[in-house]
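Structure first, commentary second.
Position 1 is the first residue of the sequence; numbering continues from there.
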Amino acid sequence: MTATTSPARRCIPTGAWSLEPRRRLRNPTLYEIYPRSFRDTGTTGEGDLRGVADNLGHVRDLGVDAIWLAPFYCSPMADGGYDITDHRAVDPRYGTLDDVDRIVARAHEMGLGVVCDLVFNHTSCDHANFRAGIDGDEDMAARYVWRDPKPDGTAPNNWLSFFGEPAWTWNHKRQQYYFHQFLRCQPSLDLRNQAVQDDHHETVAFWRDRGVDGFRMDAITSYLFDESMKDNPPATPEVKDRVSGAPHNPYTWQDHVYDMLPGDGAAFGGTVREWAGPDIWLVGENNSGNRAVEMSLNFTRDGRLDAAYTLRLGEIAGTARGIADTIDAMDGRWIAPWWFSSHDVARHVSTKGDGSARSAKFYALLLSVLPGAIMLFQGEELGLPQPDLPREVVKDPHDLIYWPDGPGRDGARVPIPWTEQRPNRGFSRARDTWLPMKWDAGASVAAQADDPDSVLTFYRRALSLRRAAGFAAPDALSAHAEGDVLRLDINVDGQAWQAIFNFGDTPVPVPTDGVERAVALESGQLPRFGAVLARA
């Protein structure tokens, strides 16, 4: 049995104001916390905000600069909390605004920044404004994207949602279709509507005034569309290969030239900057695979975002060529944060690695030497593999649409283990957790904390070296991919470094002098998922 919560609960913005000194973030190491799966201080089987506040010491000791809090707002949880009914209130399943204030205060005491997730592309279909529009309030309807059907009753155009289903849903009360770039329960907002912009501005001010240090802007490349609403053309083979999504998702069969990013799309990053002010760190999610780095560069021009990470990276980061090409495309502007795992994809230790501690350390070392900001997902520092969940326990709609070939989002969201105590490994005192926990012995924080050979210890050492050596902001960096081998030549403050990573099966010889960090260095050779970082 899985703990559930009624979506009808009232979400009341209670709590005392708590202004804290803001942390100014520069190329930070971010640690993503998915609150529902971090730690449960009660008996619901779901993580809560008190669990976040009480366990920030683990995050501090890891050596990161800030936490990214995935949505904790009021939501029916149809899409893991990214379907929101109130952007300025905490869902009671997680706690109250007092708990958010406590997280901000404790984080700042520990030298950590706090980055909150903002979902401005859409709301839940249960949002009061959307319901009012259906009931005839035209001002509220204008905040969303409603269109009349074609004369034959079909949808206005051929656009597909990101999950592959039609991007239009018929509403019989309005006798119109509404647009949604994701699930049908997530109607898209019209970001050109001034009332929508004003509301978003107030939301940014609300959380900024509570002391948060940055915002992660969900799906920012989906904010605007071409108002002509022409049909998207078919994707050429080259475009199809680059569109974000699995090949079996029909979304990848279109060239998304009209439903995403018209000419004024990236410039909207300037509007977000105006809302946030100059001292807030802003990172956008770039969910366009085509010209991904080019788009991120455009979104981060002066007066716009600080960074924009690409979903494309999650698909190509398992190859030497993918890393090298991304470095080359940025051309010294390190504005696209690096990441390997998140709440949206299966854990990289299993999909890009082989599930072993060696491959977990391999990617830890790689992440630690890459330039710009980097992002870790909770449990990554433990080397957690992707769990094999039976269909009957899976709740994520994206996973279920393509079962068993979905992106594995629920697997990535299985609660993390804190202790070796079964059945819930210190995550919760509940009889059942919202997703089953079947981690192997030794996977927990407690088991790895004092083990010099553990993945956790390696992450701590690698991130400590990243900070000490200044790898986030190198003076010069060149990347070379030769088959399955990636070599990075890095210069920081007059010190030259060389990092070599073997993604392939053929062992390669490497230098052994000046080695600072090594993964599976054997007699001067690197096997698969072997890596070495040395002073040149």
**Study point:** Distance-only polar pair, side chains of Ser356 and Asp354, donor-acceptor under 3.5 Å
**Key:** yes

Check your understanding: Would you find a donor on one side and an acceptor on the other, under 3.5 Å apart, between the side chain of Lys395 and the backbone of Val393?
Key -> yes

Review point. Distance only, no hydrogens: is a donor on one side chain within 3.5 Å (strictly under) of an acceptor on the other, for Arg88 and Thr203?
Key: yes

Check your understanding: Salt bridge between Arg216 and Asp218, side-chain N to carboxylate O under 4.0 Å?
Key -> yes

Practice item. Decide if atom CD of Gln421 counts as having more than 12 heavy atoms of other residues, nucleotides or ligands within a radius under 6.0 Å. Key: no

Exercise for review: Decide yes or no on side chain to side chain contact (heavy atoms under 4.5 Å, CB included) for Leu97 and Phe206, but give the supporting numbers first.
Suggested key: CA-CA 11 Å; Leu97 283 173; Phe206 180 86; 3.8 Å; yes

Review point. Do NZ/NE/NH1/NH2 and the carboxylate oxygens of Arg50 and Asp99 come within less than 4.0 Å?
Key: yes

Point to revise | Test side chain to side chain donor-acceptor pair (under 3.5 Å) applied to Ser75 and Asp91, step by step | key: CA-CA 7 Å; Ser75 170; Asp91 194 298; 5.7 Å; no

**Study point:** Whether Asp484 side chain and Thr506 backbone form a donor-acceptor pair below 3.5 Å
**Key:** no

Exercise for review: Flag the pair Arg106 and Asp54 as a salt bridge only when some basic side-chain nitrogen lies within less than 4.0 angstrom of an acidic carboxylate oxygen.
Suggested key: yes

Practice item. Answer yes if the side chains of Tyr459 and Glu380 hold a donor-acceptor pair under 3.5 Å, and no otherwise. Key: yes

Review point. Regarding Asp213 and Trp281, is there a side-chain donor-to-acceptor distance under 3.5 Å anywhere?
Key: no

Review point. Given the rule in the side chain to side chain donor-acceptor pair (under 3.5 Å) test, do Ser296 and Asn286 qualify, once you have shown the distances and angles that lead to the verdict?
Key: CA-CA 7 Å; Ser296 289; Asn286 175 354; 3.0 Å; yes

Check your understanding: Taking atom types as modelled and ignoring hydrogens, do the side chains of Thr44 and Trp434 form a donor-acceptor contact shorter than 3.5 angstrom?
Key -> no

**Study point:** Ile327 vs Trp334, side chain to side chain contact (heavy atoms under 4.5 Å, CB included): CA-CA, chis, key distance, verdict
**Key:** CA-CA 8 Å; Ile327 288 174; Trp334 313 123; 4.0 Å; yes

Check your understanding: Asn287 and Thr221: side-chain donor and acceptor closer than 3.5 Å?
Key -> yes

Review point. Between Arg413 and Asp344, is the closest basic N to carboxylate O distance under 4.0 Å?
Key: yes

**Study point:** Minimum side-chain heavy-atom gap Asn502-Val485 below 4.5 Å
**Key:** yes

Check your understanding: Could you walk me through whether Arg409 and Asp79 pass the salt bridge (charged side-chain N to carboxylate O under 4.0 Å, His left out) check?
Key -> CA-CA 10 Å; Arg409 302 198 308 178; Asp79 186 30; 2.7 Å; yes

Review point. Are Arg358 and Phe362 in a cation-pi setup, meaning NZ or CZ lies under 6.0 angstrom from the ring centre and within 45 degrees of the ring axis?
Key: no

Practice item. Taking only Lys NZ, Arg NE, NH1 and NH2, and the carboxylate oxygens of Asp or Glu, determine whether Arg273 and Asp306 approach each other closer than 4.0 Å. Key: yes

Review point. Between Asp279 and Arg24, does at least one N-O distance fall below 4.0 Å, as a salt bridge requires?
Key: no

Check your understanding: Using a distance-only test with no angle check, is there a side-chain donor-acceptor pair under 3.5 angstrom linking Asp117 and Tyr82?
Key -> yes

